[in-house]
Amino acid sequence: MQLSLRLSAIADLVTEGNRLVDVGCDHGYLPVYLIQQKKIPSAIAMDVRKGPLSRAQEHIRQYGLEEYIQTRLSDGLEGLKAGEGDTLVIAGMGGPLMERILTDGRSVRNSFSELILQPQSDIPHFRRFIQSEGWEITEEKMVEEDGKFYPMMRVVPGENVHSSLKLNVDSFTKIRL
């Protein structure tokens, strides 16, 4: 399976060997790709809408990965229990919605060893939210695809949140078409 530049950059941020939870999985491309690449052992693909979840199920069946990828209809993290995954991916939605998902699902969120986040709006506010929740941005990338920029970050629990949260253009990886 070939991923878009945006999804490929997100896949690169996922730690090898981690169990993935993809909230807002849309077509399920990310978990299918990561399983095919043998980067992750299993995944849970979740979406709030039946249509996108159905498309994800079709892709999972198409590649024969039903044994490795579960699907769940869920608003944010509601359909997940603490400890079911190691890496949480939330991508392709606005910063305020991502903040709501992470706040409402705080107890589940805190069981993850890393979050891969790709907010589409309100990025300075979202970065402050991450810091206020005690998480630390350890890696950032920015991808340009179809004339649009997509910032993304790898976030881990941190006791000492420091200057890594300051916007530093040099820290971004920029990929062009």
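One-based numbering along the sequence shown.
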S.K.: If you look at every heavy atom in Y150 and M152, which pair is closest and at what distance?
M.R.: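 Taking every non-hydrogen atom into account, O-CE, 3.5 Å.
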S.K.: Looking at G95 and F126, what are the two nearest heavy atoms and their distance?
M.R.: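 For G95 versus F126, the nearest heavy atoms are O-CD1, 3.6 Å.
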S.K.: Which residues end up grouped with L73 if you chain together Ile, Leu, Val, Met, Phe, Trp and Tyr wherever their side-chain heavy atoms are less than 4.5 Å apart?
M.R.: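 Joined to L73, directly or through intermediates: L53.
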S.K.: Run the numbers on M153 and R127 for side chain to side chain contact (heavy atoms under 4.5 Å, CB included), then give the verdict.
M.R.: CA-CA 10 Å; M153 58 191 79; R127 292 169 65 86; 4.3 Å; yes
S.K.: What distance do L117 atom CG and W135 atom CH2 have between them, rounded to the nearest 0.5 Å?
M.R.: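 One gets 8.5 Å once the value is rounded to the nearest 0.5 Å.
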S.K.: Can you list the residues that meet the side chain to side chain contact (heavy atoms under 4.5 Å, CB included) rule with A45, with sequence neighbours excluded?
M.R.: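 Side chain to side chain contact (heavy atoms under 4.5 Å, CB included) check on A45 returns C25, P31, I69, T71.
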S.K.: Go through the structure and list residues passing side-chain hydrogen bond (donor to acceptor under 3.5 Å, both in side chains) with Q70, not counting sequence neighbours.
M.R.: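 side-chain hydrogen bond (donor to acceptor under 3.5 Å, both in side chains) check on Q70 returns R72.
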S.K.: Considering residues at least two apart in sequence or located in another chain, which fulfil the side chain to side chain contact (heavy atoms under 4.5 Å, CB included) criterion with Q62?
M.R.: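 If we apply the side chain to side chain contact (heavy atoms under 4.5 Å, CB included) test to Q62, skipping adjacent residues, the hits are H59.
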S.K.: Once ring pair (Phe, Tyr, Trp, His ring centres under 6.0 Å) is applied, do any residues pair with Y33, and if so which ones, sequence neighbours excluded?
M.R.: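 With sequence neighbours excluded, Y33 shows a ring pair (Phe, Tyr, Trp, His ring centres under 6.0 Å) to no residue whatsoever.
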S.K.: Taking all heavy atoms of K141 and all of L13, pick out the closest pair and write down the distance.
M.R.: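 Between these two residues, the closest heavy atoms are CE-CD2, 4.0 Å.
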S.K.: Other residues, nucleotides and ligands only: do more than 12 of their heavy atoms fall within 6.0 Å of OH on Y68?
M.R.: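 It does not: Y68 OH has 12 such atoms or fewer within range.
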S.K.: Once salt bridge (charged side-chain N to carboxylate O under 4.0 Å, His left out) is applied, what residue pairs with a partner in residues 115-124 remain, sequence neighbours excluded?
M.R.: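 Non-adjacent pairs meeting salt bridge (charged side-chain N to carboxylate O under 4.0 Å, His left out): zero.
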S.K.: Can you list every salt bridge (charged side-chain N to carboxylate O under 4.0 Å, His left out) pair that touches residues 32-42, not counting sequence neighbours?
M.R.: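 Output for this query is empty, none listed.
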S.K.: Do E139 and V155 touch side chain to side chain, with heavy atoms closer than 4.5 Å?
M.R.: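 No; the side chains remain at least 4.5 Å from each other.
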S.K.: With heavy-atom distances below 4.5 Å as the criterion, would you say the side chains of V89 and V21 are in contact?
M.R.: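 V89 does not reach V21 side chain to side chain.
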S.K.: Please list, chain by chain and in numerical order, all residues satisfying side chain to side chain contact (heavy atoms under 4.5 Å, CB included) with D86, sequence neighbours excluded.
M.R.: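 Listed in chain order: N18, R19, S113.
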S.K.: Can you tell me how far the CD1 atom of I116 sits from the CG atom of L88, to the nearest 0.5 Å?
M.R.: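 Interatomic distance, I116 CD1 to L88 CG, rounded to 0.5 Å: 9.0 Å.
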S.K.: When you compare the side chain of Q120 with that of K148, does any pair of heavy atoms fall below 4.5 Å?
M.R.: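 With C-beta onward as the side chain, the pair touches.
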S.K.: Applying side-chain hydrogen bond (donor to acceptor under 3.5 Å, both in side chains) as the test, list every pair that has at least one member in residues 43-56; sequence neighbours left out.
M.R.: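 Output for this query lists H27-R55.
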S.K.: How far does CZ of R109 sit from CG of L80, to the nearest 0.5 angstrom?
M.R.: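 Interatomic distance, R109 CZ to L80 CG, rounded to 0.5 Å: 13.5 Å.
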S.K.: Given the rule in the side chain to side chain contact (heavy atoms under 4.5 Å, CB included) test, do I101 and M93 qualify, once you have shown the distances and angles that lead to the verdict?
M.R.: CA-CA 11 Å; I101 290 169; M93 55 187 83; 3.6 Å; yes
S.K.: Name all residues meeting the side chain to side chain contact (heavy atoms under 4.5 Å, CB included) criterion together with K81; count only those two or more places apart in sequence or in a different chain, and write none if there are none.
M.R.: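 Once residues adjacent in sequence are excluded, the partners of K81 under the side chain to side chain contact (heavy atoms under 4.5 Å, CB included) criterion are E84.
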S.K.: Can you tell me how far the CD1 atom of I35 sits from the OG atom of S42, to the nearest 0.5 Å?
M.R.: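 With rounding to 0.5 Å, CD1 (I35) is 6.0 Å from OG (S42).
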S.K.: Donor-acceptor check, side chain of S111 to backbone of A82, threshold 3.5 angstrom: yes or no?
M.R.: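 No, the answer is negative, given that no donor and acceptor are paired below the 3.5 Å cut-off.
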S.K.: Going by the rule salt bridge (charged side-chain N to carboxylate O under 4.0 Å, His left out), which residues pair with R6 if we only count those two or more places apart in sequence or in a different chain?
M.R.: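 Result, salt bridge (charged side-chain N to carboxylate O under 4.0 Å, His left out) vs R6: none returned.
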S.K.: Any salt bridge between R154 and E140, counting N to O under 4.0 Å?
M.R.: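 Result for this pair is no, no salt bridge flagged.
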S.K.: To the closest 0.5 Å, what do you measure between CG (L7) and CG (D12)?
M.R.: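 Here the rounded value is 11.0 Å.
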S.K.: Measure the CG-CD distance between L20 and E114 for me, rounded to the nearest 0.5 Å.
M.R.: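 CD of E114 is found 9.0 Å from CG of L20.
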S.K.: What salt bridge (charged side-chain N to carboxylate O under 4.0 Å, His left out) pairs are there with at least one residue in residues 90-102, not counting sequence neighbours?
M.R.: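 Matches after skipping sequence neighbours: D75-R100, R100-D104.
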S.K.: Check Q118 against A91 and note the closest heavy-atom contact, atom names and distance.
M.R.: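 Shortest heavy-atom separation between Q118 and A91 comes out as CB-CB, 3.7 Å.
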S.K.: Which residue is it: I90, T87, L102? I am looking for the one with a side chain to side chain contact (heavy atoms under 4.5 Å, CB included) to L115.
M.R.: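 Exactly one pass, corresponding to L102.
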S.K.: Between G76 and M46, what is the shortest heavy-atom contact and its length?
M.R.: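 Smallest interatomic distance, heavy atoms only, reads O-CE, 3.0 Å.
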S.K.: For the hydrophobic clusters of this structure (ILVMFWY residues joined by side-chain heavy atoms under 4.5 Å, transitively), does one cluster hold both V143 and M1?
M.R.: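 As far as the 4.5 Å side-chain criterion goes, M1 and V143 are connected within one cluster.
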S.K.: Using the side-chain hydrogen bond (donor to acceptor under 3.5 Å, both in side chains) rule, take E133 and Q131 through it: C-alpha gap first, then chi angles, then the decisive distance, then the call.
M.R.: CA-CA 5 Å; E133 291 293 305; Q131 180 180 19; over 6 Å; no
S.K.: Tell me whether E145 contacts the main-chain N or O of L5 through its side chain, where contact means a donor paired with an acceptor under 3.5 Å.
M.R.: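 Yes: the side chain of E145 pairs with the backbone of L5.
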S.K.: Are I44 and V48 connected in a single hydrophobic cluster, I mean Ile/Leu/Val/Met/Phe/Trp/Tyr linked by side-chain heavy atoms less than 4.5 Å apart?
M.R.: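 As far as the 4.5 Å side-chain criterion goes, I44 and V48 are not connected within one cluster.
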